[in-house]
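First the structure, in the form of C-alpha cells, and then the observations on it.
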Amino acid sequence: MSREVSIKLPDGTLKQVAHGTRIIDFVRTQIGAGLAKAALAAKLDGKEVDLSHELTADAAIEIITLKAPEALDYIRHSAAHVVASVVQRLFPGTQVTIGPVIEDGFYYDFAAEKPFTPEDLERIEAGINEVLAADVAFTRSEMKPADAVAFFLGKGEKYKAEIIEELAAKGAETVSLYQHGDWIDLCRGPHIPSTGKIGAVKLTATSGAYWRGDHRNQMLQRIYGTAWRNKDELAAYLHRQEEAKKRDHRRLGKDLELFTFHKYAPGAAFWLPKGAILYNILSQFMRETLLGHGYDEVKTPLIFNKDLWLTSGHWDKYRENMFLVEEKEGEPAEFSLKPMNCPSHHLLFGSTRRSYRELPLRFHDQGVLHRNEERGALGGLTRVRQFQQDDAHIYLAESMIGDEIARLLTLIDRVYKVFDMTFTAGYSTRPEKFLGTAETWDRAEAALKQALDASGLPYTTNPGDGAFYGPKIDLAVADSLGRKFQLATIQLDYLAPERFDLTYIGEDGAQHRPVVIHRAIFGSFERFIALLLEHYAGALPTWLAPEQVRVVTVTENQIAWAREVMLALRARGVRATVDDSKDKLGAKIRLAQLAKVPFALVVGDKEVEAKAVAPRRFGTEDLKQMPLERFFEIIDAEARWPRIET
RNA sequence: GCCGAUGUAGCUCAGUGGUAGAGCAACGGUUUCGUAAACCGUAGGCCUCGGGUUCAAAUCCCGACAUCGGCUCCA
C-alpha cells in the first residue's frame, strides 16, 4: 500500500507525494529539474536535512540552493570532510576529531604524528582538488551508538569513539555517518550532494590546538581552510583579506608613526609623538565625559604590598599574571605591580566613613596596569602587558543597580556612536562555581537583564560565563580581520565588599554593605586605539588626528605665508605643520594623503596674493580657494570635541 | 606556556655554503614646479643574539629572544 505525505512549499502550495520519497526526487518531479540541479540541501520544518532524506511525514519544505547564505556553511563543512579524507590517505595513522565551519571557512583537527608543514598543505590541497574534480557523492547512513563506537574503534579512531559515547550518554539513539568515496565520518550533516558542488577550496593555515580547547589535553594539529561557491568568490575573499591587512593597526601604527615596540619591553608600547597626542585626546575626552556623568577621578599607587592581593584574592587566583617586585634583592617578593585598580579603590572607599548620601560613589582611574600575559598571547596593541583603562568602580546600594546599569548602557552606546563603531553585547550569567547566595545572584542577573532589555541593544546570553563574583555584560568590537575583542565591560561584584569589609551608613543609621560595579567603556586605551585605527583605516576624524592640517607650498616663494598660516592655526589650537620641502606639489600632496592628514592647505602665489588657502580634504579632490578666515570656521567646527549628553 | 612560521639598511623585500643587494626614506646638489612620486649623487649592515658544523655560514645544525598565525567555535 502506498501512503502519501503532504509537503508544503514556501509559497504555500501543498504537494502530495508517496511516503518515503527522497527530497531530491520530490524536487525533480514536483518542482523542477532546474531547482533539483541547483539544490544543495533542504530544510523540513526548519530542520536542515540532506537531499537524500526521505519524506515520511507532513512538513513544510525549503530548498537550499547555492545562492542561499547557508549554502556556504554546507560547502565548507563538506570541504572539511574532503580535507580529512585526503589527510588520512596521505598520512596513514592520523586520527580525525572534529571539523566545524567557522567564519569564512572551516578547520579540521587531527591527532597526527607530526605537525603539517606548508609543503604538506600543498600536497593536501592538490589531493582535495582531485576529489572535487571527481565529483564524488556524499551518502548518509545511520548506526546505533554502540555499533558506531565499535566501528570507529576498529579503525583506531578513539576521538570519534569518545564523541559517540558522549552522544549516547546524552541519549542519542542513532548517530549519522557520511561517506564520500571510501571515506566515512561521523557527522550530524547535512551535506551537499557531491564534492563537485564545492567550487573552490584553499587551505589557509595550520596550528596546534588542544583537544576540546583544554591545554591539559593532547595537542592536535589543526588545518584551517576556506571554501567558496566558485573560484571567483575565493579570489574575492583572498583579495578582501589582503585589503584588510592594510588596515591592520600594527601596519598603521608604523606608517603613521603612532607607536612602536622593542624586544626589551615585550607587550608594552612606546607612544611616538603623534600616538601620544591621540592617546592623550582619548584620555582627556573620557576624563571630561565621566566628570560630566558624576565620576570622581582618582590616582592610586602602582605597586602594592602582597597583603592587598591576599585580601582581594588576587594572590591566590591571579598571581601568575602579576609582575612581582622584590623590595630588597634576594628577599622574596612582597610587592607587585597592580594588574587591576579595583583593590586600591576599595581601600579608598574604606578610607573614611561613607554615607548613603554619597552613593553611587564613582571612582574613575586611568592608572597604568601590568598583567603578565603568556608570551604566545601577546599581539600588537590588542594584547599587551602594560596598559591603561578608562576604569571605574561604582559603589552603590543594591536597589540602585538597575538605574545605574541603564545609565551606563546609555553612556556606552553614546560613546561608541561618537566613533561610529558597532559592537556586539554579551550577557554572562552565574557560573557553576559562584560566591554569594543564589538569591542575590538572581536579583543581580534580573537587574542586569532588565537594563539590557530596556536599552534596546541586541545581545547574546552566555550562560555560566559570568565571573565567580557576579554577572557581567561585555561589549566586543571586531578588528579588520573579523576577530572580536572585548572592550567595554560591566561587572557586578558582591564579593569584594565582603572581602574588604566595605560599609556605608544608611538612612536608618545602620551599617550596610554596598555592591561594586566594575566598568570600563573603552576598556584599555591600547586596545581601543587598535580597533579605532582599524575602524577608520587610519584616517582619523579631525578632532582625533595628530596632525590636523598640513600647509603645503607650491614653491619656496610661499614659505613665509605658509608659516604665517600655520602659526595662526596653532594659535587657535589647531595641530598644523608646514611642508616647505623642495618637492613638487604633487609629491607633497601625496605625502599628506599617505599621512592621512585631514586637510592639506595648498598655498601658491595666488593664495599669497589673496591671503587665502586652497584646502584639500583627505580622500577628496581639491576644494576651492578660500580666505583663511573662512577655513578657520571649517577647521574650528571639525576640530571641536564631541560632547556626550548627560 | 603549547604548535607552526618568520627575523637581512629607518620601511618593504631579494639574496640557500665562497667579497652583503634593490626600491622607498635619510643626507648633499640641481630644478622653483598648482593637487598622489622631478633629476643626479652620497651615506647607511655584528644579516636578532649565543653556541656548533665547515678551509669558508646571512645561508646548515642546536639554543635563546622577539614578532606573526592559531590554541572558545564542538559529530
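Below, chains carry the letters A, B, ... as their sequence lines are ordered, and counting in each starts from 1.
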Any N/O donor-acceptor pair, A:Glu607 side-chain to B:G34 base, under 3.5 Å: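 Pair found.
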
Any N/O donor-acceptor pair, A:Tyr224 side-chain to B:G4 base, under 3.5 Å: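 Donor-acceptor pair under 3.5 Å: no.
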
Does [X] have a side-chain nitrogen or oxygen under 4.0 Å from the phosphate oxygens OP1 or OP2 of [N]?
| X | N | value |
| --- | --- | --- |
| A:Arg616 | B:A36 | yes |
| A:Arg375 | B:G1 | yes |
| A:Tyr107 | B:C73 | yes |
| A:Lys484 | B:C73 | no |
| A:Arg222 | B:G4 | no |

Of all the choices, [options], which nucleotide is nearest to the side chain of [X] once you look at every atom?
| X | options | value |
| --- | --- | --- |
| A:Arg250 | B:C68, B:G1, B:C3 | B:C68 |
| A:Ile589 | B:U67, B:C33, B:A36 | B:A36 |
| A:Val602 | B:U35, B:C74, B:G70 | B:U35 |
| A:Arg590 | B:C71, B:A36, B:C74 | B:A36 |
| A:Lys582 | B:U31, B:G34, B:C33 | B:U31 |
| A:Met219 | B:G70, B:C33, B:C73 | B:G70 |
| A:Lys254 | B:C33, B:C11, B:U48 | B:C11 |
| A:Thr555 | B:A66, B:C3, B:U32 | B:U32 |

For [X], which contact category applies under a 4.0 Å heavy-atom criterion: base, sugar-phosphate, or nothing?
| X | result |
| --- | --- |
| A:Phe261 | nothing |
| A:Lys160 | sugar-phosphate |
| A:Arg483 | sugar-phosphate |
| A:Leu585 | base |
| A:Val101 | sugar-phosphate |
| A:Asp255 | nothing |
| A:Ile98 | sugar-phosphate |
| A:Gly213 | sugar-phosphate |
| A:Ala377 | base |
| A:Gly376 | base |
| A:Leu220 | nothing |
| A:Glu103 | nothing |
| A:Gly99 | nothing |
| A:Lys606 | base |

Runs of at least three consecutive pairs that involve RNA chain B, where pairs are Watson-Crick or G-U with distances under 3.5 Å: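 The stems are B:1-7 with B:65-71, B:10-13 with B:21-24, B:26-30 with B:38-42, B:48-52 with B:60-64.
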
Residue whose nearest RNA chain B nucleotide is more 5′ - A:Pro115 or A:Leu481: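 Result: A:Pro115.
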
Toward the 5' end of RNA chain B, by each residue's nearest nucleotide, A:Glu556 or A:Ala614: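 So the residue in question is A:Glu556.
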
Any side-chain heavy-atom pair of A:Pro546 and A:Leu258 under 4.5 Å: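 When only atoms from C-beta onward are counted, A:Leu258 and A:Pro546 do touch, with a gap below 4.5 Å.
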
Any A:Glu125 side-chain heavy atom under 4.5 Å of A:Val201 side chain: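 Answer no - side chains too far apart.
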
Side chains of [X] and [Y]: is there a donor and an acceptor less than 3.5 Å apart?
| X | Y | result |
| --- | --- | --- |
| A:Glu547 | A:Thr577 | yes |
| A:Gln625 | A:Glu607 | yes |
| A:Asp580 | A:Thr553 | no |
| A:Ser78 | A:His191 | yes |
| A:Asp605 | A:Gln558 | yes |

Nearest-Å distance for atom pair CZ/P, residues A:Arg251 and B:C11: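 A:Arg251 atom CZ is separated from B:C11 atom P by 10 Å.
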
Spacing of A:Lys588 atom NZ relative to B:A38 atom C1', expressed in whole Å: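 Going from NZ in A:Lys588 over to C1' in B:A38 covers 13 Å.
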
C1' spacing across the pair B:G18 / B:C68, given as an integer number of angstrom: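 33 Å, rounded to whole Å.
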
Separation between the C1' atoms of B:G52 and B:A57, rounded to whole Å: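 Comparing C1' positions in B:G52 and B:A57 gives a spacing of 11 Å.
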
Side-chain (A:Asp120) to main-chain (A:Thr117) donor-acceptor, under 3.5 angstrom: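 Judged by distance alone, yes, a pair lies under 3.5 Å.
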
Under 3.5 Å: donor-acceptor pair, side chain of A:Thr206, backbone of A:Ile223: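 No; judged by distance alone, with no hydrogens or angles, the pair does not exist.
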
Worked verdict on A:Glu534 versus A:Arg250 for salt bridge (charged side-chain N to carboxylate O under 4.0 Å, His left out): CA-CA 9 Å; A:Glu534 303 203 354; A:Arg250 290 165 296 198; over 6 Å; no

